[in-house]
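This report concerns only the one structure given below.
Here the structure is a predicted model, which is why all the values come from computation and not from measurement. Sequence lines set the chain letters: A, B, ... in the order given, protein chains first and strands last, and positions in each chain run from 1.
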2 protein chains.
Amino acid sequence: MAGAVDFEDERDVRGDPAAVAEGDGALTQLKAYLAQHELAPNTRLPPERELCEILGVSRGELRKALAVLEEHGDIWRHVGKGTFTGARPAEERISIAEISSQTNPAEVMRARLLIEPELAREAALNANADDVAALSACLAGSRTSETWRQYENWDNRFHRAIASATHNALLIALFDTLNGVRRAVVWGRLRYDIQKPPPDHHSFADHEAIIAAIAERDMNAAATRMRAHLQIVQARLLDRPREAAE
Amino acid sequence: MAGAVDFEDERDVRGDPAAVAEGDGALTQLKAYLAQHELAPNTRLPPERELCEILGVSRGELRKALAVLEEHGDIWRHVGKGTFTGARPAEERISIAEISSQTNPAEVMRARLLIEPELAREAALNANADDVAALSACLAGSRTSETWRQYENWDNRFHRAIASATHNALLIALFDTLNGVRRAVVWGRLRYDIQKPPPDHHSFADHEAIIAAIAERDMNAAATRMRAHLQIVQARLLDRPREAAE
DNA sequence: TGCCTGACCAATGAACTATTGGTTAGGCTA
DNA sequence: TAGCCTAACCAATAGTTCATTGGTCAGGCA
């Protein structure tokens with residue numbers, strides 16, 4: 001019985017309207033109403049002010065009955081939204097800003113170290129020629145960057161392209177969340193001492209090695225090299241937080 | 001005011017000789033405007049209709065110049081919002097429902113297999129006594145479950161508790177996203193052939209082994225056992241999609 | 001041909017209004 | 001006196017309206 005409200009522990013009032021009208025029947029009335037309508041889960045019921053007229057009970061009594069059902073987990077309520085059948089749904093939307101306010105650069109780096117090598121591993125399994133070409137294009141772009149900002153842009157695209165190469169929409173979405181938080185947390189930490197990345201910047205070789213591993217479908221190497229790359233990034237981040245660019 | 005903009009250095013545009021060669025000053029004007037105002041990242045510039053009056057160029061020319069800067073990564077634009085300096089920020093809110101509509105149970109399972117073992121590994125590193133106690137409580141609860149729904153509830157809490165034990169807010173948030181998608185995608189796949197999990201259900205032993213590894217701070221064992229557990233879940237999911245409950 | 005101009009389109013945000021669950025105060029009845 | 005009803009108010013939410021803004025197109029012009 002879908003979406004149903006559990007009322008077996010109460011008197012069966014269907015078909016006995018007299019009993020319904022009688023006595024402390026707010027809860028009983030309400031259960032009868034729900035049973036009669038056989039509402040699907042997450043259906044909105046009438047607002048309290050209407051419902052108490054429909055059932056012929058005062059709003060106070062109705063609210064007491066609703067509180068019982070809510071405690072029982074049969075319905076859930078929210079100001080401005082209404083009263084709904086079924087269990088309260090999980091939070092539908094995740095805010096990057098909210099996560100960012102609860103974390104810090106060290107945690108973000110740790111999360112990258114755990115997640116991104118696995119993404120690289122999966123990319124090595126699933127990447128096609130186009131994916132490898134896209135990765136190479138990102139590397140080439142980063143090599144020709146004239147500013148740190150441009151470089152950061154290409155670096156972003158590179159890591160995003162690895163997630164894309166998994167061809168798994170959920171993994172891509174998770175990466176985007178991780179990356180969004182990263183960008184929010186380390187926002188504005190660009191280095192200004194030098195104008196652009198030096199030609200021997202470690203990331204170039206790191207990225208090249210990762211691409212090679214993915215192209216060769218060497219899952220373990222892809223993961224290992226990504227981890228090594230991120231460990232260097234982490235070390236630089238912790239040593240010189242003002243120069244957190246990769 | 002248009003007169004305030006200094007365009008005497010039209011032939012001295014730093015970093016983009018191509019603009020000089022073109023000769024028309026829209027891009028040059030725009031760069032001069034940006035240089036003069038020294039805007040912080042993510043500052044909104046005047047709307048195009050105002051800016052082209054300020055700079056004394058047509059809207060078409062201004063838009064061409066803006067397109068160059070956008071391609072260059074110096075600004076970003078969005079209909080209804082405006083034009084902003086710096087890199088385009090990540091999408092602020094992620095919708096579980098949207099992700100769910102783009103994925104499928106196989107992808108979800110694959111993502112779990114990549115992510116959750118790493119969470120278990122990190123939990124083994126960071127868990128404290130309370131975390132282990134919480135995990136044990138979830139296992140005990142699942143053992144006493146009278147229905148599959150109750151069992152699923154405890155199983156949920158168990159996996160969430162592992163994420164919590166990492167003590168990393170970002171990893172917890174990523175797990176919640178993953179889990180939210182999982183619940184949305186495999187929604188309603190509860191088994192109905194038997195009323196509750198049998199006492200020898202594989203998950204009980206699996207979970208117990210995972211808890212033991214975390215309690216002993218054995219990171220590799222925690223990851224390995226989680227992976228083994230999820231592989232069984234995956235096999236059951238693919239074999240008998242109607243009985244996807246763990 | 002290339003550019004300018006004006007108009008229109010679609011996405012966005014701000015302001016406002018209506019709705020709705022949650023709460024409180026006063027009065028009434030048993 | 002205790003419990004209940006009623007009315008009003010509060011705060012969160014959703015819907016509506018309107019102005020703003022980047023994106024696009026057709027006509028005119030040099």
Side-chain angles (χ1 to χ4, degrees), chain A residues 5 21-30 33-34 39 42-93 95-98, chain B residues 2 19 21-30 33-34 39 42-93 95 97-98:
Chain A
V5 175
E22 178 229 345
D24 58 346
L27 183 57
T28 310
Q29 292 258 41
L30 182 55
Y33 176 90
L34 294 172
L39 301 167
N42 264 337
T43 306
R44 183 176 151 188
L45 12 135
E48 292 180 357
R49 290 164 179 82
E50 287 181 26
L51 199 51
C52 63
E53 278 200 15
I54 294 173
L55 300 182
V57 296
S58 76
R59 197 171 160 217
E61 291 301 305
L62 173 64
R63 282 182 56 73
K64 276 196 280 187
L66 287 171
V68 171
L69 290 190
E70 186 174 34
E71 186 70 21
H72 199 263
D74 291 325
I75 63 168
W76 62 277
R77 304 181 275 180
H78 197 294
V79 188
K81 287 183 175 175
T83 306
F84 299 82
T85 57
R88 183 185 304 270
E91 201 172 326
E92 182 56 30
R93 299 180 102 76
S95 162
I96 299 279
E98 194 175 332
Chain B
E22 283 186 4
D24 85 317
L27 183 56
T28 308
Q29 293 258 36
L30 183 53
Y33 177 89
L34 293 174
L39 301 167
N42 265 338
T43 307
R44 183 176 150 185
L45 338 162
E48 292 180 359
R49 290 163 179 82
E50 287 181 27
L51 199 51
C52 61
E53 278 201 15
I54 294 174
L55 300 183
V57 298
S58 75
R59 198 172 159 215
E61 291 301 304
L62 172 64
R63 282 182 57 72
K64 275 196 277 187
L66 287 170
V68 171
L69 289 190
E70 186 175 34
E71 185 69 22
H72 203 261
D74 291 326
I75 62 167
W76 62 277
R77 304 181 276 182
H78 196 293
V79 189
K81 287 183 175 175
T83 306
F84 300 82
T85 58
R88 182 187 305 272
E91 202 174 324
E92 183 53 33
R93 293 186 164 275
S95 162
E98 194 176 333

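Checking D/dT21, C/dG21, D/dC4 against the side-chain heavy atoms of A/E61 singles out D/dC4 as nearest. Checked against D/dG23, C/dG21, D/dA14, the side chain of B/V79 finds its nearest nucleotide in D/dG23. Side-chain atoms of B/P47 lie closest to D/dG22 of the nucleotides C/dT20, D/dG22, C/dG21.
Side-chain nitrogen and oxygen atoms of B/R63 include at least one within less than 4.0 Å of the OP1 or OP2 phosphate oxygen of D/dG23. Of the side-chain N and O atoms in A/T83, one or more sit less than 4.0 angstrom from OP1 or OP2 of C/dG21.
Between B/W76 atom CH2 and D/dG22 atom P the separation is 11 Å, expressed in whole Å. Counting to the nearest Å, the P atom of C/dG21 and the NE2 atom of A/H78 are 12 Å from each other. Distance, B/L69 CG to D/dG22 C1': 15 Å, rounded to whole Å. The distance from atom CG of A/L62 to atom C1' of D/dC4 is 14 Å, rounded to the nearest whole Å. The separation between A/L51 atom CG and C/dG21 atom P is 9 Å, rounded to whole Å.
For the pair A/V68 and A/L30, the minimum side-chain heavy-atom distance is 4.5 Å or more.
A side-chain donor-acceptor contact under 3.5 Å links B/Q29 to the backbone of B/L55. For A/T43 (side chain) and A/T85 (main-chain N/O), no donor-acceptor pair under 3.5 Å exists by modelled atom type.
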Mind running side chain to side chain contact (heavy atoms under 4.5 Å, CB included) on B/R77 and B/E48 for me, showing each step along the way?
CA-CA 11 Å; B/R77 304 181 276 182; B/E48 292 180 359; 3.6 Å; yes

Take A/R44 and A/K81, measure what side chain to side chain contact (heavy atoms under 4.5 Å, CB included) needs, and give me the verdict at the end.
CA-CA 9 Å; A/R44 183 176 151 188; A/K81 287 183 175 175; over 6 Å; no

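At a cut-off of 3.5 angstrom, counting only N and O atoms as typed in the model, there is a donor on one side and an acceptor on the other between the side-chain of A/R59 and the base of C/dG22. Contact of A/R49 with C/dG22 (side chain to base): a donor-acceptor pair of N or O atoms is detected under 3.5 Å.
Here the shortest heavy-atom pairing between B/A26 and B/V57 reads CA-CG1, 4.2 Å. Closest non-hydrogen pair, A/Y33 versus A/I54, comes out as CE1-CG2, 4.1 Å.
Within 4.0 Å of B/G60, counting heavy atoms only, lies no atom of the nucleic acid at all.
With the end axes of the helix from C/dT1-D/dA30 to C/dA30-D/dT1 each set by five pairs, the angle from one to the other reads 10° at 10° resolution.
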